[in-house]
Amino acid sequence: MKSKKKHRLSLFGITLLMFFLPAPILANEAVHSGEISNSSEVQVNDQMTINALTEIPDVDSNGNIDQQVVIIYKNTSPFNVQSLSLSTNEIASGEAVSDRVDVLEVKSDVDIDAFIKTMNENPNVLVADRNRVLRTYSLPDDPYVTDGKAWQFVSIGADKTWDQVANSETIGVAVLDTGLNTNHPDLAGRIISGYDYVTKSTEVTDQDGHGTLVSGFIAAVADNGIGLSGVAGTANVKIAPYRVGTKGLSVANICAALMDAADRSDIKVINMSYGGYEYNNSEAAAIQYAKDQGKVLVASAGNEGEITDPEVGLASYPASYDGVISVAATDSSNGRASFSQYNNMVDLAAPGENVYTTAFTGGYTYDSGTSFSSPIVAGACGVLLAANGNLSASDVETALTTTALDLGDPGKDDYFGYGLIQLDQALVKVLTDKPLTALYKTHIQNIGWEPDFKRNGELSGSSGLGYRLEAISITLDNPGYDVGVTYRTHIQDIGWQDWRYNGESSGTSGEGRRLEAIQIKLTGADADQFDLYYRTHVQNLGWLGWAGADEQSGTAGYGYRLESIQIMVVPKGTPFDTSGDSFITNPI
């Protein structure tokens, strides 16, 4: 609560100020001075125009939530509050949650519905609605994966995908929750910046534990020999923690966090493991804003699925807003968890009963709730985006819904949606939209190593300049297939070298010896899904024909240098012109 400083002016000071200040300001100052206290002047103070929220007390965390209103502005402006034409006659307190979200508490005698209607008519306001407090829905060589405690890992096929995606660009998953134990040993290195809307800082300290539980399902470190693994496995998927409450989560804070996460390019997925049973216009507007920015939105379906619960079968929010993936909970037998809420807005199901995860104490614990089904799906979404960055939010959802294990009634139903997610199958599906790509660079006479890898079909070398290739490095932009590359080169005065693999150097860079030929092939269980082609530019001969996988390209043994190379990896059966000689046995 901000304290409002009382300015005490002497009578001489007031008299002096009368000559310099206009009457309205003077009247207001007289009331603040405490020297004049007649009822008419007190009334003037009660009607003071509010030009900035710093002029009134902060909203008390223990205040009357039923009298609080969330305001989301259309744009960021220092004059947003002033444009509302508010006065202290109606507003008891107010607070800026972010640069576009304010929360106001109106006085008890103010008709809050009429006030909200007036706010929504203001051209600077995107939406205004009641504030609410939502409740959380909580009821590799990592030992707790190998011993079966973290059974949810295997249930969704993550045991087949945990080491299949190695992306360079970080995929951020915003977790709107109670904060995070950023010092948990099994989350080290898996966290990017977030924000604490409770304390207005970047500390995001988890005083409740729920946020740390949720985060472990997404990104607990895989293959580190301790604890368990998140669904992300070794993919570069990280948590952006947003603390929006402790036991109860403020809609005002949630709206601010949603909009901040939506504006960040590094955040692709937003997880919301909380909910309530009232539609809220402010929350819906913030959800729509995040959706419009292309974010994948995932939320818990709710824990009121018992037949005796008064809210059984009702739509829970935010899970039931348009554009949000609503996630129900399953048990270890792929049955419906008894508490899991059901309605026609449920999209998918994931493990949520007696599941194992990171605890805010630094250890591990079991817990139950759709709060934990949601981050399992959010983590899966992160993996799919890590594998194929060209996917839209709709593409991600489609990949999961069309590959889900159908449970319950055939097709989509109210209890499981489209079914239990199967990450391994969804990953295969999205990879067909992002073919394997060859990456390669060469060491060039007098120049050295090229600074960047060339991609599928790009020229590596310096054809026409008379410079020899002296070494080569080849790898793959592999979005998750079980496939690698191996290659060997024929070197002046030495002959064929041993095979090299996945990024290793083949040649003799710096020794002045030319490459004279090369042989390349794919390895791995998925190699038969692709065709490999390559061709070389040879001294005095120019470009040779394209060679297929495991064929030789060049003129080994005849003293002609390779000057450049092109490599292509294409889906199996792609038409390709391989006419012409790829290997010359007698170039004379």
Could you check whether F416 and Y418 have their ring centres less than 6.0 Å apart? no
Check this for me: does any side-chain nitrogen of one of D109 and K107 sit under 4.0 Å from a carboxylate oxygen of the other? no
Mind checking what makes side chain to side chain donor-acceptor pair (under 3.5 Å) contact with S340, not counting sequence neighbours? none
Electrostatic pair E283:R132 at N-O distance under 4.0 angstrom: yes
Take F217 and F372 through the test ring-ring contact (aromatic ring centres under 6.0 Å, His included) and record every step on the way to the result. CA-CA 7 Å; F217 291 107; F372 313 123; 5.5 Å; yes
Q341 (side chain) donor-acceptor with G313 (main chain) under 3.5 angstrom: yes
Atom of T136, atom of S371 and distance for their closest heavy-atom approach: C-OG, 3.9 Å
Any ion pair linking D66 and R130 (charged N to carboxylate O, less than 4.0 Å)? no
Would T246 and D208 count as having a side-chain donor-acceptor pair, cut-off 3.5 Å? no
Between A399 and A426, what is the shortest heavy-atom contact and its length? O-CB, 3.6 Å
How close do G216 and L187 get, counting heavy atoms only, and between which atoms? CA-CD2, 4.3 Å
Main-chain N/O of L314 paired with N343 side-chain donor or acceptor, under 3.5 Å: yes
Does the N253 side chain pair with the main chain of V244, one donor and one acceptor, at a distance under 3.5 Å? yes
R336/E353 salt bridge by N-O under 4.0 Å criterion: no
Under 3.5 Å, is there a donor on one side chain and an acceptor on the other for S201 and T199? yes
Listing request: all side-chain hydrogen bond (donor to acceptor under 3.5 Å, both in side chains) pairs with a residue in residues 119-129, at least two apart in sequence or in separate chains. S83-N124, K117-E121, D129-N281
Pair D292-Q288, side-chain donor/acceptor within less than 3.5 Å: yes
Is there a donor-acceptor contact under 3.5 Å from the side chain of T88 to the main chain of M48? yes
Give the minimum heavy-atom separation between A319 and S300, together with the two atoms involved. CB-O, 3.2 Å
Could you tell me whether a side-chain N or O of N167 sits under 3.5 Å from a main-chain N or O of A387, the two making a donor and an acceptor? no
Check whether the side chains of T212 and D206 place a donor and an acceptor atom closer than 3.5 Å, and report yes or no. yes
Side chains of T178 and Q207: do they bring a donor and an acceptor to under 3.5 Å? no
Can you tell me if R135 uses its side chain to pair, donor with acceptor, with the backbone of G248 under 3.5 Å? no
Measure the shortest side-chain to side-chain distance between I50 and V81 over non-hydrogen atoms and say whether it is less than 4.5 angstrom. yes
E397: what forms a salt bridge (Lys or Arg N to Asp or Glu O under 4.0 Å) with it, not counting sequence neighbours? none
Take S368 and N354 through the test side chain to side chain donor-acceptor pair (under 3.5 Å) and record every step on the way to the result. CA-CA 5 Å; S368 297; N354 206 31; 4.9 Å; no
Do side-chain atoms of S333 reach the backbone of G335 as a donor and acceptor pair under 3.5 angstrom? no
Ignoring hydrogens and angles, tell me if any N or O in the side chain of R190 forms a donor-acceptor pair with the backbone of I239 under 3.5 Å. no
Any side-chain heavy atom of S250 sitting closer than 4.5 Å to one from V103? no
Kindly say whether A378 contributes a backbone atom to a donor-acceptor pair with the side chain of N271 at under 3.5 angstrom? no
List for me each residue that meets ring pair (Phe, Tyr, Trp, His ring centres under 6.0 Å) alongside Y415, sequence neighbours excluded, and say none if there are none. Y342
Less than 3.5 Å apart, any donor N or O on the side chain of D186 or Y364 sitting next to an acceptor on the other? yes
For the pair Y321 and Y317, name the ring-plane relationship: parallel under 30°, tilted 30 to 60°, perpendicular over 60°. tilted
Working note: D102 + Y73, criterion side chain to side chain donor-acceptor pair (under 3.5 Å); need CA distance, chi angles, decisive distance, verdict. CA-CA 8 Å; D102 289 340; Y73 301 100; 2.7 Å; yes
Name all residues meeting the salt bridge (Lys or Arg N to Asp or Glu O under 4.0 Å) criterion together with D409; count only those two or more places apart in sequence or in a different chain, and write none if there are none. none
Sidechain N-carboxylate O distance under 4.0 Å for K291, D322: yes
Set of salt bridge (Lys or Arg N to Asp or Glu O under 4.0 Å) partners for D260, sequence neighbours left out: none
State, to 0.1 Å, how close V346 and A328 come at their nearest heavy-atom pair, and which atoms those are. CG1-CB, 3.9 Å
With a 3.5 Å cut-off and no angle check, do the side chains of N303 and T370 form a donor-acceptor pair? yes
Any donor-acceptor N or O pair under 3.5 Å, side chains D196, Y242: no
Checking side-chain polar atoms at under 3.5 Å, does T398 have a donor or acceptor matched by the opposite partner on D395? no
Taking K268 for the side chain and V173 for the main chain, is one N or O donor matched with an acceptor at less than 3.5 Å? no
Which pair of non-hydrogen atoms, one from A380 and one from I421, has the smallest distance, and what is that distance? CB-CD1, 3.9 Å
When you compare the side chains of S326 and D347, does any donor N or O come within less than 3.5 Å of an acceptor on the partner? no
Atom CG in D60, atom CD in E105: separation rounded to 0.5 Å? 7.5 Å
